[in-house]
There are 2 protein chains.
Amino acid sequence: MSDLNKVFSPKNIAIIGISSSPHKLSTVIYNNLINSEFKGSIYFVNPKYKNLFGKKVYKSILDIPEKIDAVVIAIPTDYVKDVLIEAGEKKVSLAIIITAGFRESGQDGLKRELELKEIAQKYGIRILGPNCLGITSTHNKMNASFSAVNAISGKIAFFSQSGAINTALLDMAQSRNLGFKYFVSLGNKIDINENEILNAWINDPEVSVIGGYLEDFYDGNDFVKIASKANKPIVILNTGKGEASQKAIHSHTGSLATNNVITSTALTQAGVNLVDSIEELFATLLFFERSKIPKGSKTAILTNAGGPAVMLLDLLSNENIVTAKLESEIEKELQKILPSNASVHNPIDILGDADASRYAQALNILEKSKKVDIIFVLISPQYVTQIEETVKIISEISFKSKKCIVPILLGDKYMDDALERLDDRKIAGYKFASLAVKAIKHGINFNFYNKNSYKIPKLNLKIGKYKNILSKIATVQTEPLPEMLSKSIAREFGLTLPQEEIIHTFDEAIDFVNKLGFPVVLKVTTESLPHKTEYKAIYLDINSKEALKHSFNKLMSLCQKYGKSEELLIQEFVNSKIELMSGAIRDGDSNVYTNFGHGFGHLILFGHGGIYAEVFKDTSSFIVPATKEIIEKSIKSTDVYKILNGYRGGIKYDLNLILETLQKLQKIVQTYPEIESIDINPMMLTPDKCYCVDLKIFVKK
Amino acid sequence: MSDLNKVFSPKNIAIIGISSSPHKLSTVIYNNLINSEFKGSIYFVNPKYKNLFGKKVYKSILDIPEKIDAVVIAIPTDYVKDVLIEAGEKKVSLAIIITAGFRESGQDGLKRELELKEIAQKYGIRILGPNCLGITSTHNKMNASFSAVNAISGKIAFFSQSGAINTALLDMAQSRNLGFKYFVSLGNKIDINENEILNAWINDPEVSVIGGYLEDFYDGNDFVKIASKANKPIVILNTGKGEASQKAIHSHTGSLATNNVITSTALTQAGVNLVDSIEELFATLLFFERSKIPKGSKTAILTNAGGPAVMLLDLLSNENIVTAKLESEIEKELQKILPSNASVHNPIDILGDADASRYAQALNILEKSKKVDIIFVLISPQYVTQIEETVKIISEISFKSKKCIVPILLGDKYMDDALERLDDRKIAGYKFASLAVKAIKHGINFNFYNKNSYKIPKLNLKIGKYKNILSKIATVQTEPLPEMLSKSIAREFGLTLPQEEIIHTFDEAIDFVNKLGFPVVLKVTTESLPHKTEYKAIYLDINSKEALKHSFNKLMSLCQKYGKSEELLIQEFVNSKIELMSGAIRDGDSNVYTNFGHGFGHLILFGHGGIYAEVFKDTSSFIVPATKEIIEKSIKSTDVYKILNGYRGGIKYDLNLILETLQKLQKIVQTYPEIESIDINPMMLTPDKCYCVDLKIFVKK
């Protein structure tokens, strides 16, 4: 048991601010403690009273003769500080501060909050809140919160930044007999925060699933690091994704990647399941607590009605979940036991007159299929349907099976008894197919990311050749790095750039094309002409000696007229109909990979490039460091991948070239965390090379 | 009252195949009739019995002394035919055939079904089914179905092809006290089908909302025509969208548009609301039956908790529903009555300690805003929340308001009493924000399409110049029309094509560029060289007289070597970085716009073009005929629109040019319904023209 688990399991509690009014939060919490059958002693503190509810009321916590583990503070804001000092002197372990009026109420409140923090540090007292609902822990029957609904005992642990969502979730959980070990309201998180809690819970064998509602992350990077160590599901409702926190970032690539993308990419990659609504949160917690994690993503449907099965297929295909094709032996076996007009191809329709035993026979056969990871069992209430018998049988088969079997009971009150049977047997059943599908999607993702997780072997990073110069530039620079330095860094890690040479004579230009052939690009350098675009000082796609001569002469005379030195740059002209892009953008500062770092690190993007990349948004991303599997999944999730993979008889490119490029990018930003963003657009693929045609690097401390 | 309403309101019913067993469907239906308090006489027919349940049992329907309006036939398949003949002789108006074993069981069944159809036509008897659950109509208290759940009385009318979905829906409706006038199980639809029913219901003043579950459309085109005449909401769950019926169509444009796209575009455009799941179906029916239709799409949120409001904002932005910015006067008024730390900017957070009267004051102010069409009122169960009082006040304000006010009660059982109050007062309330948002989206769409509906003034179409040749070619042609004919048709309707001329001498080429300037394209014609691509016989982007001379000479010598005649085509070279596409594809045959037509007619597409148009799928579509408003909405829903509308200081193009082009396309396919598909890719926009650069037309009878 980690420290926090101990802190959260006090043997006794003092309620500061107990009142004779049943409506005061302190009294509500007292009643909740009594109703939850808390076995420890409860002490009252309030100078206004001598006795209340048949108990002595102390003037101060210091007057209580016993050692006190936890205090609940529900008193006017102005008194909190003094009470906390007394609690410190009393050597209390945990102060649950219900009182509001701190950071959330402005500058003065923030000041008051910082005072509390100081006191806590001085005395070594841990604080939950302030401005929180309290905590429920069911293993010691302690509901030290003013939640209107009680949590029942179980193996889910939940933290939350919203009282409103807590009550709604607990209400749903109570209906479905879904239990919690912990239910913690975080409040303003001045001491105990979600990261410490997460860490404690992933190491707590009595916790099987972790859930949370977060409006902001105390330290997102740390959260991800902790989450990636978990081998149990974590389900988070994180709101504010729509408009929130869209930083204007100067790099082109950057503005594609909002902070929201960084947060959700990082969390997803660490195996965290992100949900969009309370109902999805609940459906997903229920799933993870009661269902088997699917070993893959192939689904089969067993149904007693065609309509709902087709509807379910549509819902699955909306979420890109694949339907299994069954082995012919399995189909034959099904054929033997089913009526002739049943359908033995997935979805398996065992017809409206299916009784419980037909469900059992069919499910037992289907369960043997090696092509199936997930089986949905649809029960529509038809005239002969034996609903309760059927769910009993599904439960029994599900217990023995290694597959993820999910019953869906279509209806409302009519299905309540059967759903209760499933709840009694701890099988995750659903009434709404749409929520069942969302929950299963999270199951599939958890399986993928848990296997291919964030934990990649530590790279053996050398100190980069340009370390010194970069860290110097990083403190002052706002423009992109000089072209030559960007290219040097790219070459250091083996990125493929178009070949190029600085030339001074036409003969040198001819030497270059004799080596590398046409077509080429000819342009001025920053030495010869600082702002080349103003003079149209670039010739693309030069295909003949005549054209080369022509452009050489034009550019040279430009240099002679405006330039500092007479030099030109000749380059391979890389051409491809498909413009790709890739890049990186850093969340946090250049210390992000150190122990002092805040932020998620670098997000690496890949997708369809060109000047309209941002309009069409065909990009995918991953957070550094990522495994090969995650990078591949990322590449394959773009539309442009379909083209690169041989679209309509077109060239099938070697996708390893992209994979390697993205891996190199990953290595670059780890070596040089000073890099704030990299923008490679266009990037172009040829049969044997992945060219970074235009490359910009921005650095920032 | 139309005929069908009369047929569905029989004064008496004979149950053929009544049985002493309580499990036989006939007996279940009898019990449902009794339980629903059907006031008409009920007769029994079954040669096996003399008396049952205290009633005389007749050997044949012909033996019943009275005139019979309706029969319920629930007997073995083989006897249905003879019984139907007797019913015909008895001049029965409606036969509800429960018995299965027809089309759904194969070829023999189909034969049996056609026999029934013939008998029905001969005697003028109307058939519901076969293979159906029966019909419930609450205005005459008739539950002549074997549904396990009864419908309560109300103003929704529902038809369905799935018994399973019926029961689930009725079960949900019963929990929420949502009532139906009709609940009709369609079965195999050999006579009465959804189109006839839809037509009857849109004309029935006692029906306020029409719902349906359809696996296939009897005649989709007709359905759309009928639906577009409705001024009441129609909500359809149409499954099988995922993989269904994807025809391989040869035209490039065509394969973008699957039948599924055609169906859903046509239905949406006719104002039909398409839903994906039973829960969304229910939530939407509830919304339309109880809520006011929003007059626009701008939403405001009134909440007593921040977290759920932010979650709701995210859900709204997922569905592209906009959030209103309030008038500063409204914000000031709110400020006056709310605590200082409340938020008066949308979402309006009236804080956790909000009681019913604070909700009332704030809602009354918000309700006056001219910037808001829809108000979500979020109620989170916090300690002081007066849930039932609050919903009472919301109901009262909602009754008086012209705005769409939607309460969301976050929780489960804890919220049941309050939800019941809302149900009693006929206010649409929701527990799940995600479903509320989906329902509101349908409300917004209904408002848009009802105002800008399918009913456009009949075009004054002339007979096309090429009518004769096209109808001839349509019977034999599989290749695209010859280029010159396609272009002639395009010019007939004023589509802009690149200017071009056939030339025989270099002087003629020079004349062309003197008139129109560079750049130009030079290529061979089909006369000069039939398969031009094999010889690379096209030069693009010719920019100078030298280049023109060079390409002229090259092509002419090709013609001299391989060709029939020495002629070339010179063309304006239209260049644009953004390749667009447009096109049309026909559903149904060339009779589609006549009274004999089946199918939805032509779908017109617009979007981002180029060779990868299908990968990126940035297209939108509408069905012919469409109003200007619908075409504009369609254009604006593409991503490429953002570019055309002046992206990052780029050119802002005149979108009327696209609008006009699509309107011309619409006119072309109406004039020449022989056109099976048109493929314009690329289409290019310049500041004053919308060029159809490459145009292919396919025709087919």
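Hydrogens, waters and symmetry mates play no part in the numbers below; they use all other heavy atoms, side chains included. Below, read A as the first sequence line, B as the second, and so on, with proteins coming before strands; counting in each chain starts at 1. Computed from a predicted structure; not experimentally measured.
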(message) If I measure from the heavy atoms of chain B, does A:Asn166 come under 4.5 Å with its side chain, its backbone, both, or neither?
(response) neither

(message) If we define contacts as heavy-atom pairs under 4.5 Å, which of B:Glu280, B:Glu279, B:Met172 has the most with chain A?
(response) B:Glu279

(message) Is B:Lys413 in contact with chain A via its backbone, its side chain, both, or neither, using a 4.5 Å heavy-atom distance?
(response) both

(request) Please list, chain by chain and in numerical order, all residues satisfying ring pair (Phe, Tyr, Trp, His ring centres under 6.0 Å) with B:Tyr213, sequence neighbours excluded. (result) none

(request) Examine whether an atom of B:Val640 lies under 4.5 Å from a heavy atom of chain A, and if so say whether it belongs to the side chain, the backbone or both; otherwise answer neither. (result) both

(message) What part of B:Leu169 gets within 4.5 angstrom of chain A, counting heavy atoms only: side chain, backbone, both, or neither?
(response) neither

(message) Is A:Leu170 in contact with chain B via its backbone, its side chain, both, or neither, using a 4.5 Å heavy-atom distance?
(response) neither

(message) Does any backbone or side-chain atom of A:His608 lie under 4.5 Å from a heavy atom of chain B? Answer side chain, backbone, both or neither.
(response) side chain

(request) Name the option with the most non-hydrogen atom pairs under 4.5 Å to chain B; the candidates are A:Asp412, A:Leu133, A:Ile278. (result) A:Asp412

(message) Let me confirm one number: the CD1-NZ distance from A:Ile379 to A:Lys431, rounded to the nearest 0.5 Å.
(response) 13.5 Å

(request) Might you point out which heavy atoms bring B:Val149 and B:Thr167 nearest each other, and give the distance in Å? (result) CG2-CG2, 3.8 Å

(request) Select, from A:Ser162, A:Pro308, A:Ala100, the one with the greatest count of heavy-atom pairs under 4.5 Å involving chain B. (result) A:Pro308

(message) Measuring from atom CD1 of A:Ile387 to atom CG of A:Asp417, what distance do you get when rounded to the nearest 0.5 angstrom?
(response) 9.0 Å

(request) Considering only NZ, NE, NH1 and NH2 on the basic side and carboxylate oxygens on the acidic side, decide whether A:Asp618 and B:Lys617 come within less than 4.0 Å. (result) no

(request) Against chain A, label B:Leu312 side chain, backbone, both or neither, depending on which of its atoms sit under 4.5 Å from a heavy atom there. (result) neither

(message) Let's test your reading of the structure: which of A:Ser175, A:Ala305, A:Ser277 forms the most heavy-atom pairs below 4.5 Å with chain B?
(response) A:Ser175

(request) To the nearest 0.5 Å, tell me how far B:Ser343 OG sits from B:Ile350 CD1. (result) 11.5 Å

(request) To the nearest 0.5 Å, tell me how far A:Thr385 OG1 sits from A:Tyr414 OH. (result) 7.5 Å

(request) List the atom of B:Ala283, the atom of B:Tyr430, and the distance in Å for their closest heavy-atom pair. (result) O-OH, 2.6 Å

(request) Name the option with the most non-hydrogen atom pairs under 4.5 Å to chain A; the candidates are B:His23, B:Gln174, B:Arg176, B:Glu104. (result) B:His23

(message) More than 12 heavy atoms of other residues, nucleotides or ligands under 6.0 Å from NZ of A:Lys24: yes or no?
(response) no

(message) As an exercise: rank B:Ser380, B:Ser340, B:Pro381 by heavy-atom pairs under 4.5 Å with chain A and give me the winner.
(response) B:Pro381

(request) Identify which part of A:Leu315 has an atom lying under 4.5 Å from any heavy atom of chain B, answering side chain, backbone, both or neither. (result) side chain

